[in-house]
There are 2 protein chains.
Amino acid sequence: MSVTAPPPTDRLLTPGEVAALFRVDPKTVTRWAVAGRIASIRTPGGHRRFRETEVQALLRGEGPRD
Amino acid sequence: MSVTAPPPTDRLLTPGEVAALFRVDPKTVTRWAVAGRIASIRTPGGHRRFRETEVQALLRGEGPRD
DNA sequence: AGGCAGTTGGGTAATTAGGGCA
DNA sequence: TGTGTCCTAATTACCCAACTGC
């Protein structure tokens, strides 16, 4: 148990942010969300947001294999 | 703004980009990645991305070993 | 109050992945 | 051993118009 919860980078990134990190098109990031390959949070307006932790894991090659 | 300022030193290149730099087929670049001769990052879709720094080093003839 | 950048959606073309062969 | 080319399937990139976020 530890109350020293380190500030997890739970920042929410926009499709453009994630796209820049993966060197892909923002539209492609949206496809990943639709395909369920990455968790996505929808704003009341319908826009998607992604958790930086999730993106970091994906960049590390870590991910729900299959 | 705040676009997570992606350092130009860690930009990712597509197989086609790397292939053009080496004047080889993208297929050959893929083989290098499979052979572990160059670090590769996989997109959730399965495509590969290469670090520009890694490519630059290779272009300099700086091989891991001879 | 309006404005701009970014995102959404669908559709089509280009690129990439993988295996096998020369 | 290494690279190029063949194939099919999957993924990605760019086109448009309209909406959201700040």
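The shown structure was predicted, so the numbers you read here are calculated from the model rather than taken from an experiment. When reading the values below, keep in mind they use all heavy atoms of this one structure, side chains included, and skip hydrogens, waters and symmetry mates.
Candidate nucleotides D/dC14, C/dT16, C/dA17 were compared by shortest atom distance to the side chain of B/Thr30, and C/dA17 ranks first. With D/dC14, C/dA17, D/dG2 as the choices, the nucleotide that has an atom nearest any side-chain atom of A/Lys27 turns out to be D/dC14. In this structure, of D/dG4, D/dG21, C/dA17, it is C/dA17 that holds the atom nearest to the side chain of B/Pro15. Taking the side chain of A/His47 as heavy atoms from C-beta on, and the options D/dA13, D/dT20, D/dG4, the nearest nucleotide is D/dT20. Taking only side-chain atoms of B/Val24, from C-beta outward, the nucleotide of D/dG21, D/dG4, D/dT11 with the closest atom is D/dG4.
An OP1 or OP2 oxygen of D/dT3 is reached within less than 4.0 angstrom by a side-chain nitrogen or oxygen of B/Trp32. At the phosphate of D/dT11, neither OP1 nor OP2 sits under 4.0 Å from any side-chain N or O atom of A/Arg31. Side-chain N/O atoms of A/Arg48 include one lying less than 4.0 angstrom from OP1 or OP2 on C/dG9. Between D/dG2 and B/Arg37, a contact under 4.0 Å exists linking OP1 or OP2 to a side-chain N or O.
The structure places CZ of B/Arg51 at 10.5 Å from CG of B/Leu13, a figure rounded to the nearest 0.5 Å.
Between the CZ atom of A/Arg42 and the P atom of D/dC19 there is a distance of 16 Å, rounded to whole Å. Following rounding to the nearest Å, A/Leu12 (CG) and D/dC22 (P) show an atom-to-atom distance of 11 Å. Spacing between atom CG of A/Leu13 and atom P of C/dG6 amounts to 15 Å, rounded to whole angstrom units. The CZ atom of B/Arg49 sits 13 Å away from the P atom of C/dT15 (whole-angstrom rounding).
Taking all atoms of both residues into account, the shortest heavy-atom contact from A/Ala19 to A/Asp25 is CB-C, 3.8 Å.
Both B/Gly46 and B/Asp25 sit near DNA chain D, but only B/Asp25 has its closest nucleotide nearer the 5' end. If you find the closest nucleotide of DNA chain D to B/Thr43 and to B/Thr28, the one lying nearer the 5' end belongs to B/Thr28.
Remark: C/dG2 base-pairs with no nucleotide in the shown strands. Criterion, Watson-Crick or G-U wobble with two distances under 3.5 Å. As the counterpart of C/dC21, D/dG4 is assigned, both hydrogen-bonding distances of the Watson-Crick or G-U wobble pattern falling under 3.5 Å.
Linking Ile, Leu, Val, Met, Phe, Trp and Tyr residues whenever their side-chain heavy atoms come within less than 4.5 Å places B/Phe22 and B/Phe50 in a single cluster.
More than 12 heavy atoms of other residues, nucleotides or ligands shown are found within 6.0 angstrom of CZ on A/Arg42.
Of the candidates B/Leu58, B/Thr53, B/Leu59, B/Val55 forms a side-chain contact (heavy atoms from CB on, under 4.5 Å) with just one, namely B/Leu59.
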